[in-house]
Student: 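First the structure, then my questions, so here it is.
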There are 2 protein chains.
Amino acid sequence: MQSYTEENYLKIIYHLSEISNPVLTNAIAERIQTKAASVTDMIKKLSDKELVNYVKYQGVTLTEKGKTTAINIVRKHRLWEVFLVDKLNFKWDEVHDVAEELEHIQSNLLVERLDEFLDFPRVDPHGDPIPDKNGNFAELAFIKLSKLKPTDKGTITGVSEHSSTFLKHLEKLGLTLGKRIEIIEVLEFDGSVELLVESQKTNISREVAKHILITKN
Amino acid sequence: MQSYTEENYLKIIYHLSEISNPVLTNAIAERIQTKAASVTDMIKKLSDKELVNYVKYQGVTLTEKGKTTAINIVRKHRLWEVFLVDKLNFKWDEVHDVAEELEHIQSNLLVERLDEFLDFPRVDPHGDPIPDKNGNFAELAFIKLSKLKPTDKGTITGVSEHSSTFLKHLEKLGLTLGKRIEIIEVLEFDGSVELLVESQKTNISREVAKHILITKN
DNA sequence: TTCATTATTTAGACAAATCTAAAAATTTAT
DNA sequence: ATAAATTTTTAGATTTGTCTAAATAATGAA
Ligand SMILES: [Mn+2]
Ligand SMILES: [Mn+2]
Ligand SMILES: [Mn+2]
Ligand SMILES: [Mn+2]
């Protein structure tokens with residue numbers, strides 16, 4: 001069994017290793033809001049427990065055991081987010097912090113029953129895939145909205161930025177999951193995108209466009 | 001804000017003070033599975049935070065602030081137990097340990113939405129009253145089954161012992177919440193009780209009878 | 001390749017919550 | 001009322017997770 005803190009480290013390492021592998025000490029320190037020295041301490045502990053492979057000055061990678069644990073925490077986090085939105089009427093920008101706490105509740109029965117109660121959702125309120133109880137993810141074909149060309153059509157199926165301010169901004173523009181969009185024009189000088197959302201014309205910055213994920217159809 | 005540990009101490013002190021006031025160090029130590037020395041340390045800390053009144057060698061009582069906090073934890077514990085039984089099909093003997101963890105999740109929005117989702121339950125799966133958001137309990141008129149006399153009738157509305165073994169035992173005897181019972185005889189020599197549950201004759205020990213709570217009607 | 005900058009680790013310290021062993025206060029029994 | 005037993009507190013140590021400051025390794029520039 002891992003402590004609350006160990007679980008958080010494993011989860012962060014899991015997410016960071018999708019970006020770069022091995023994961024560097026400073027990258028963890030930044031994400032988890034601690035000092036590099038503390039991260040080194042914890043890495044050693046996780047390494048002793050065989051949850052990560054650690055090479056001094058190189059960084060860490062998750063072992064199979066560590067990866068399984070991390071994926072299970074991600075599973076719980078996302079299932080709880082679905083619960084909060086679908087059953088308790090939370091908005092998609094209100095769920096993350098509470099899910100950060102709920103993801104650490106220890107009970108396999110609870111997770112499996114929750115999954116069933118929610119009707120085995122495959123994605124969370126931000127479009128992130130929910131691994132099944134064996135740790136397998138459904139394959140989802142996302143494209144960044146910023147990669148689309150004029151006349152391209154698609155559906156918003158995810159976001160790659162979860163901050164409350166960003167999500168509220170999208171809400172205001174009507175750019176929520178499930179909405180169909182069509183690209184009108186990509187402005188030359190600033191990369192901003194003019195698009196149609198439910199027959200409504202809107203303009204979004206390149207920065208915003210990069211964090212909206214589209215399934216073409 | 002209190003730590004997970006501080007919250008547990010406050011909750012235990014709250015429960016123990018229903019039995020004896022002030023609450024003695026050893027009583028807390030026994031309930032919380034720690035040594036008396038550790039309890040003294042924590043009591044001092046809670047006293048510094050003005051959550052308890054502490055007199056050396058006498059024991060502790062909760063301050064208003066401490067009591068409010070404790071009642072809120074009890075509220076969350078019991079609401080989560082209702083959730084687990086009503087929505088996730090947990091049995092009444094499976095909920096306590098998970099609720100011990102869930103009661104510490106910090107989010108007022110979550111508690112209020114959960115309360116609403118559960119349709120503002122007034123009692124938990126063991127018949128214990130759930131305080132409202134202002135900390136007020138509904139008055140419930142319980143009598144111990146062991147206090148009843150032959151021909152007395154009533155409904156099982158609570159239990160005063162929450163161990164899994166006890167609850168499973170009751171389950172096996174069909175003595176669950178909502179069942180109507182009628183006393184046939186109270187045996188002289190061992191105090192065991194012969195009773196009718198849904199037209200089925202059963203005999204229970206005095207020890208069991210003391211922990212079943214009845215509403216006469 | 002040598003020097004400067006940046007990243008990482010080590011050393012030593014600290015706060016929280018716990019423990020054991022010993023001391024002090026309280027309660028109970030004689 | 002005094003001694004014995006029990007309860008509670010103090011003193012000092014331990015574990016977990018964190019920190020700062022200093023040392024060491026790796027990287028980048030001249
Ligand atoms: Mn989240
Ligand atoms: Mn999410
Ligand atoms: Mn309980
Ligand atoms: Mn209960």
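Worth saying up front: this structure is predicted, and the values here are computed from it rather than measured.
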Student: Does atom CD of A/E50 have more than 12 heavy-atom neighbours from other groups under 6.0 Å away?
Tutor: no

Student: Base, sugar-phosphate, or nothing: which does B/Y4 touch, judged by heavy atoms less than 4.0 Å apart?
Tutor: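 No contact.
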
Student: Phosphate oxygens OP1/OP2 of D/dT8: is one of them under 4.0 Å from a side-chain N or O of B/Y54?
Tutor: no

Student: Quick one: B/K35 NZ to C/dA22 C1', roughly how many Å, whole number?
Tutor: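 Whole-Å distance recorded here is 16 Å.
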
Student: Would you say A/K56 reaches D/dT24's phosphate, i.e. side-chain N/O to OP1/OP2 under 4.0 Å?
Tutor: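 For D/dT24, neither OP1 nor OP2 has a side-chain N or O of A/K56 closer than 4.0 Å.
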
Student: Could you give the CE-to-C1' distance, from A/M42 to C/dT9, as a whole number of Å?
Tutor: 16 Å

Student: For A/P22, check side chain to side chain contact (heavy atoms under 4.5 Å, CB included) against everything at least two apart and list the hits.
Tutor: A/T61

Student: Once you round it to whole Å, what is the distance between C1' of D/dT9 and CD of B/Q58?
Tutor: 13 Å

Student: Under 4.0 angstrom, heavy atoms only, what part of the nucleic acid is B/T25 near: base, sugar-phosphate, or nothing?
Tutor: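 Since only primed, P, OP1 and OP2 atoms lie under 4.0 Å of B/T25, the category is sugar-phosphate.
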
Student: Mind listing the closest non-hydrogen atom pair of B/N89 and A/R113 along with its distance?
Tutor: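 In this case the closest contact between B/N89 and A/R113 is O-NH1, 2.9 Å.
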
Student: Which residue lies toward the 5' end of DNA chain D, A/Y9 or B/Y57, if each is placed at its nearest nucleotide?
Tutor: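 With A/Y9 and B/Y57 compared, the 5'-side residue is B/Y57.
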
Student: Between B/N26 and D/dT6, is there a contact of a side-chain N or O with OP1 or OP2 at under 4.0 Å?
Tutor: no

Student: How long is the line joining CD1 of B/I28 and P of C/dT18, in whole Å?
Tutor: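 These atoms are roughly 12 Å apart.
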
Student: For B/T5, which contact category applies under a 4.0 Å heavy-atom criterion: base, sugar-phosphate, or nothing?
Tutor: sugar-phosphate

Student: Choosing from C/dC19, C/dT9, D/dT9, which nucleotide comes nearest the side chain of B/A36?
Tutor: D/dT9

Student: Calculate the interatomic distance between A/E6 atom CD and D/dT18 atom P; express it in whole Å.
Tutor: 10 Å

Student: Using ring centroids (six-membered ring only for Trp), state whether B/F83 and A/F83 fall under 6.0 Å.
Tutor: yes

Student: Starting at atom CD1 of A/I43, determine the distance to atom C1' of C/dT9, rounded to an integer number of angstrom.
Tutor: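 It works out to 10 Å between those atoms.
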
Student: Categorize A/S38 for me: base, sugar-phosphate, or nothing, with a 4.0 angstrom heavy-atom threshold over every strand shown.
Tutor: base

Student: Calculate the interatomic distance between B/L24 atom CG and C/dT27 atom C1'; express it in whole Å.
Tutor: 12 Å

Student: My understanding is that only one of B/E6, B/E100, B/H77 makes a side-chain hydrogen bond (donor to acceptor under 3.5 Å, both in side chains) with B/K11; could you say which?
Tutor: B/E100

Student: Write down the distance between CG (A/L46) and P (D/dT16), rounded to a whole number of angstrom.
Tutor: 13 Å

